[in-house]
2 protein chains.
Amino acid sequence: MVQDSIRILQAQGYKATKPRKLVFEVLEGIGRPLSPYDIQDILRARGKHLNHVTIYRTLDLLCSLNLAHKVLSSGRFVKCSLAAIEGCHRFMICQQCGAIREFADKQLCQEENDFARNLGFHTEHHFSEFSGLCSQCYSK
Amino acid sequence: MVQDSIRILQAQGYKATKPRKLVFEVLEGIGRPLSPYDIQDILRARGKHLNHVTIYRTLDLLCSLNLAHKVLSSGRFVKCSLAAIEGCHRFMICQQCGAIREFADKQLCQEENDFARNLGFHTEHHFSEFSGLCSQCYSK
DNA sequence: GCCTAAATGCAATATTATTGCAATTAGCTA
DNA sequence: TAGCTAATTGCAATAATATTGCATTTAGGC
């Protein structure tokens, strides 16, 4: 919910401005990774205008608060589910339709971090991206 | 080894040109993620000049052959170890010193793919990045 | 409603990436 | 080893993406 994200924003001392709400709505409504300019275009089509600089700054902020995530393979942004395990983001991205789905699994996350630790590496954040086909596109 | 990579290139019908060898040498020698322009700068410092377009095209080719990998969080490129499990790339990146290490674990890879499959997702490629501290930086 | 710090928009600029085409080169063949 | 040809590179132009400083506007506390 956009509301939840806004609340988190405010709890950290950031203002709940119109541009920020608009960006949230787009990310949440579209549900697939979007570039800053994608977001601008979508808003334009809805009769709203945001300067690209504002969008860049908003996305930076959202990412720093883990409210959004920069999808690694495309450089596009997607809204994070708030339920994501801290420091662990795992996304499935359908190559066909572009749908993106975040999922969290505590055990898997733990195993990966343990694996790294055995190699002497102390993990703080950890991103995984799966690209392939979602069930709908696969069955076609 | 640069030689191995060149061999793979040729086996696929691509020419073993000077620019490609130079890019390989840089990626292999430096051992941390580099942007196309980083690569150009490093070469310039060695008295070699490559046009940035050539570097872009070379990196595209290397990535398509899985000989290099675009590091997701930074947009920089790193040479892939040839032993990487097909379709699965896992990197540890030290936030402090920038060192990058690729590692492969068949079991972990399998588990992740199984996990996705249980959610109806058919994985083709799969990238993981761990950011944190390497053992050296951690002990400081 | 007023005030102030925070946030936005604008303009300029920097950085990164792509394209078409002419010039060059790797590697095959004689 | 020289010549041939397709593949590759370099160049110039341009497009796309990202950043900065500063004047203007706005959210939210009073």
Side-chain angles (χ1 to χ4, degrees), chain A residues 2-27 33-44 46-65 67-78, chain B residues 2-3 5-27 32-44 46-65 67-78:
Chain A
V2 172
Q3 297 290 22
D4 298 322
S5 303
I6 291 294
R7 223 165 281 137
I8 291 175
L9 221 54
Q10 289 179 310
Q12 307 283 327
Y14 298 100
K15 292 184 180 177
T17 64
K18 281 180 198 170
R20 288 173 180 166
K21 288 178 193 166
L22 288 174
V23 170
F24 268 129
E25 280 169 20
V26 171
L27 286 178
L34 300 170
S35 75
Y37 287 98
D38 288 342
I39 293 172
Q40 191 176 46
D41 290 343
I42 289 168
L43 285 170
R44 200 190 330 268
R46 296 180 184 172
K48 318 274 186 186
H49 178 266
L50 280 193
N51 190 278
H52 72 278
V53 178
T54 302
I55 299 177
Y56 274 97
R57 290 194 276 227
T58 300
L59 291 169
D60 278 351
L61 176 64
L62 302 191
C63 286
S64 76
L65 297 175
L67 295 174
H69 169 65
K70 186 171 188 173
V71 171
L72 308 167
S73 45
S74 70
R76 282 152 208 270
F77 292 82
V78 67
Chain B
V2 172
Q3 297 290 23
S5 304
I6 291 294
R7 223 164 279 137
I8 291 176
L9 220 54
Q10 288 179 311
Q12 308 282 328
Y14 298 98
K15 291 184 178 176
T17 65
K18 282 180 197 170
R20 288 173 181 166
K21 288 179 194 168
L22 288 173
V23 170
F24 268 129
E25 281 169 20
V26 171
L27 287 178
R32 65 181 165 75
L34 299 170
S35 74
Y37 286 98
D38 287 342
I39 293 172
Q40 191 177 44
D41 290 344
I42 290 168
L43 285 169
R44 200 191 329 268
R46 295 181 185 172
K48 318 275 185 183
H49 178 265
L50 280 193
N51 190 278
H52 71 278
V53 178
T54 301
I55 299 177
Y56 274 95
R57 290 195 276 228
T58 300
L59 291 170
D60 278 351
L61 175 65
L62 302 190
C63 286
S64 76
L65 296 176
L67 295 173
H69 170 64
K70 185 171 190 172
V71 171
L72 308 169
S73 46
S74 69
R76 282 152 207 272
F77 293 81
V78 66

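The basis for the numbers below is simple: all heavy atoms, side chains too, and nothing from hydrogens, waters or symmetry mates. Every value quoted in this text rests on a predicted model; they were computed, and no experiment measured them.
Put simply, CD1 on A:Ile39 is 13 Å from P on D:dT17, counting in whole angstrom units. Between the CZ atom of B:Arg44 and the P atom of D:dG10 there is a distance of 13 Å, given to the nearest Å. We find that NZ of B:Lys48 is positioned 17 Å from C1' of D:dG10, with the value rounded to whole Å. One atom, CD of A:Gln12, and another, C1' of D:dA27, lie 18 Å apart when rounded to the nearest Å.
Considering all non-hydrogen atoms of both residues, A:Pro36 and A:Leu59 come closest at CG-CD1, 3.8 Å. The heavy-atom pair separating A:Ala16 from A:Gln10 by the smallest distance is CB-NE2, 3.5 Å.
Listed pair B:Gln10 / C:dA26 fails the phosphate criterion, with no side-chain N or O lying under 4.0 Å from OP1 or OP2. Applying the 4.0 Å criterion to OP1 and OP2 of D:dA18, one finds that A:Tyr56 has a side-chain N or O inside that range.
Heavy atoms of B:Gln40 sit nowhere under 4.0 angstrom from any nucleic acid atom.
Here the NE2 atom belonging to B:His52 is positioned 9.5 Å from the NE2 atom belonging to B:His49, to the nearest 0.5 angstrom. With rounding to the nearest 0.5 Å, the separation of CG in A:Leu50 from CD1 in A:Ile42 is 12.0 Å.
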**Request:** Determine, for nucleotides 7-14 of chain C in 5'-to-3' order, which nucleotides have protein heavy atoms under 4.0 Å from the base (write B), from only the sugar-phosphate (write S), or from neither (write -).
**Result:** SBBBB---
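Between B:Asp60 and B:Arg57 there is no salt bridge, since no side-chain nitrogen of the basic residue lies less than 4.0 Å from a carboxylate oxygen of the acidic one.
Aromatic ring orientation, B:Tyr37 versus B:Tyr56: perpendicular (interplanar angle above 60°, classes split at 30° and 60°).
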